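As the structure is a prediction and not an experimental result, all values here were calculated from the model.
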Amino acid sequence: SSSLFAGVDLLIAVGSIIMVLGFLGCCGAIKESRCMLLLFFIGLLLILILQITGGILGAVYRSQIETSLNLTLMESVNLLQSSTEGSKKFQEEFQKFEQMNHCCGLVNGPADWGKNFNTGFGSNKICACEPEDLPKDLCISYLNRYIYK
């Protein structure tokens, strides 16, 4: 849901504001303008207050954030186990993610795939790992084949 990305949006906004404020501070220092330097200080002080507020809100609403994140993860696990056409696109994209990051599953490893574990997309099996091509600690044996940890 979009509420999960509110923190990310906030960080992007704060980063952009800090960039503008940094430019303002540089210009104020070069021109030796007290007004620009005062605006720079006030802007940094406001950002500090916003970050402290965000940290406090994150601590207060931590359980709600964790619950929302767990629900999202469980919905994704259900999509991995589903055999509907709508979930196939998610499964294909998630398999690409697993291959790129050398991992398998979301919460419980390969068990997250359920009955779909032995299926594959294209020529690739789910979580397939080639131990000859990779360091030995990346692959484990599971159900008589090598998969990512």
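- Ile18 and Leu37 end up in different hydrophobic clusters when Ile, Leu, Val, Met, Phe, Trp and Tyr side chains are linked at under 4.5 Å.
- For Glu66, the side-chain hydrogen bond (donor to acceptor under 3.5 Å, both in side chains) partners two or more places apart in sequence, or in a different chain, are Arg62.
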Next on the checklist: Does Val77 form a side chain to side chain contact (heavy atoms under 4.5 Å, CB included) with Gln81? I'd like the steps, not just the answer.
Outcome noted: CA-CA 6 Å; Val77 168; Gln81 295 177 355; 3.8 Å; yes
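- A donor-acceptor pair is defined here as one N or O able to donate and one able to accept, closer than 3.5 Å; no such pair exists between the side chain of Ser68 and the backbone of Gln64.
- To the nearest 0.5 Å, the span separating NZ on Lys115 from OG on Ser82 amounts to 9.5 Å.
- Checked by atom type and distance alone, the side chain of Glu98 pairs as donor or acceptor with a backbone atom of Gly105 at under 3.5 Å.
- Remark: Ile140 pairs with Ile147, Lys149 by the side chain to side chain contact (heavy atoms under 4.5 Å, CB included) rule, at least two apart or across chains.
- Residues that satisfy the side chain to side chain contact (heavy atoms under 4.5 Å, CB included) test with Leu48, not counting sequence neighbours, are Ile52.
- Legend: residues meeting ring pair (Phe, Tyr, Trp, His ring centres under 6.0 Å) with Phe23, ordered by chain and number and at least two apart, are absent.
- Listed by chain and number, the residues in a side-chain hydrogen bond (donor to acceptor under 3.5 Å, both in side chains) with Ser141 amount to none (sequence neighbours excluded).
- Judged as a ring pair (Phe, Tyr, Trp, His ring centres under 6.0 Å), and not counting sequence neighbours, Phe40 has no contacts.
- Scored by the side chain to side chain contact (heavy atoms under 4.5 Å, CB included) test, Thr53 finds Ile49, Leu57 as partners (sequence neighbours excluded).
- Put simply, the side chain of Ser87 gets close to the backbone of Thr84: a donor and an acceptor are under 3.5 Å apart.
- Annotation: salt bridge (Lys or Arg N to Asp or Glu O under 4.0 Å) contacts of Lys96 (sequence neighbours excluded): Glu93.
- Hydrophobic clustering, with ILVMFWY side chains joined whenever heavy atoms are under 4.5 angstrom apart, keeps Leu11 apart from Tyr61.
- Applying the disulfide (SG to SG under 2.5 Å) test to pairs two or more places apart or on separate chains, those with a residue in residues 62-111 are Cys104-Cys127.
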Checklist entry - Does the side chain to side chain contact (heavy atoms under 4.5 Å, CB included) test come out yes or no for Trp113 and Gln91, once each step is laid out? => result CA-CA 9 Å; Trp113 284 93; Gln91 291 170 358; 3.9 Å; yes
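- No continuous path of hydrophobic side-chain contacts links Leu50 to Leu21 [ILVMFWY only; heavy atoms under 4.5 Å].
- Ile47 and Val20 are members of different hydrophobic clusters when ILVMFWY side chains are connected at heavy-atom separations under 4.5 Å.
- Counting heavy atoms from C-beta on, the side chains of Leu38 and Arg34 never come closer than 4.5 Å.
- Both Phe90 and Ile126 are part of a single hydrophobic cluster, where members link through side-chain heavy atoms under 4.5 Å apart.
- The shortest heavy-atom contact between Arg145 and Lys125 is NH1-CB, 2.9 Å.
- With hydrogens and angles disregarded, a donor-acceptor distance shorter than 3.5 Å links the side chain of Ser76 to the backbone of Thr72.
- For the side chain to side chain contact (heavy atoms under 4.5 Å, CB included) test, residues two or more places apart in sequence or in another chain that qualify with Leu39 are Leu24, Cys35.
- Between the side chain of Asp112 and the backbone N or O of Leu80, no donor-acceptor pair lies under 3.5 Å.
- To the nearest 0.5 Å, the span separating CD1 on Ile12 from CD1 on Ile17 amounts to 12.0 Å.
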